[in-house]
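Structure, as structure tokens:
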Amino acid sequence: MAGKVTLDGTPLAAGMIQFMSAPGAKHSLVSGTSIKDGSYKLPPSGGLPPGSYSVTISSSPPPPPPPSDPNEAMKAAAEMKPAKELIPEKYNLKTELTVEVKKSGETEANFELKSGS
């Protein structure tokens with residue numbers, strides 16, 4: 001399984017994509033990989049058998065570089081907030097994305113995400 005992921009027409013710089021077996025499937029499977037420069041590819045060991053899968057895609061901005069002063073670094077770590085999700089919930093926490101894998105092996109699935117509702 002491989003493909004491209006765009007957000008508002010621009011390749012997603014970095015993120016994660018996960019495939020989860022649909023409820024009631026013969027097998028319960030979760031597989032995923034990273035997205036880089038709008039592309040992803042599951043390793044051969046993470047291939048998906050035929051079936052229906054829900055898909056989640058997430059991305060957050062990279063963290064700022066740590067301060068060079070150790071005291072400032074500890075203070076910054078204590079004040080660190082969770083990273084803001086760049087992808088709307090309808091593509092991750094409340095995903096509406098699905099994919100149907102017809103045959104095991106190389107399947108291409110591209111996802112064109114929109115930041116608006």
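Using the six-membered ring where Trp is involved, Y53 and F19 have ring planes that are perpendicular, over 60° apart on the 30 and 60° scheme.
At least one donor-acceptor pair under 3.5 Å links the side chain of S21 to the backbone N or O of L29. Of the possible donor and acceptor atoms, none in the side chain of T33 sits under 3.5 Å from a partner among the backbone N and O of Y40. Not one N or O on the side chain of Q18 forms a donor-acceptor pair closer than 3.5 Å with the backbone of V55. With hydrogens and angles disregarded, a donor-acceptor distance shorter than 3.5 Å links the side chain of Y91 to the backbone of K114.
Contact of the K90 side chain with the T95 side chain is not registered, since no non-hydrogen atoms from C-beta on lie closer than 4.5 Å. Between S54 and L97 the shortest side-chain heavy-atom distance does not fall below 4.5 Å. By the 4.5 Å heavy-atom criterion applied to side chains, E85 and S58 are counted as neighbours. Contact of the M20 side chain with the T56 side chain is registered, since non-hydrogen atoms from C-beta on lie closer than 4.5 Å. Residues L42 and S31 have side chains in contact (heavy-atom distance under 4.5 Å, counting atoms from C-beta outward).
The line from CD of E108 to NZ of K41 is 10.5 Å long, rounded to the nearest 0.5 Å. Between the OG atom in S34 and the CE atom in M16 there is a gap of 6.0 Å [rounded to 0.5 Å].
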Inset, instruction - Using the side-chain contact (heavy atoms from CB on, under 4.5 Å) rule, take L113 and T6 through it: C-alpha gap first, then chi angles, then the decisive distance, then the call. - result: CA-CA 6 Å; L113 314 180; T6 60; over 6 Å; no

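When every heavy atom of A14 is checked against every heavy atom of S59, the shortest pair comes out as O-OG, 2.5 Å. The two atoms that bring I87 and I57 nearest to each other are CG2-O, 3.6 Å, heavy atoms only.
Under a hydrophobic-cluster definition in which Ile, Leu, Val, Met, Phe, Trp and Tyr are linked whenever side-chain heavy atoms come within less than 4.5 Å, directly or via other members, V101 and I17 are assigned to the same cluster.
With no hydrogens or angles considered, a side-chain donor-acceptor pair links D8 and S115 at under 3.5 Å. Looking only at atom types and distance, the side chain of N110 has no donor-acceptor partner in the side chain of E112 under 3.5 Å away.
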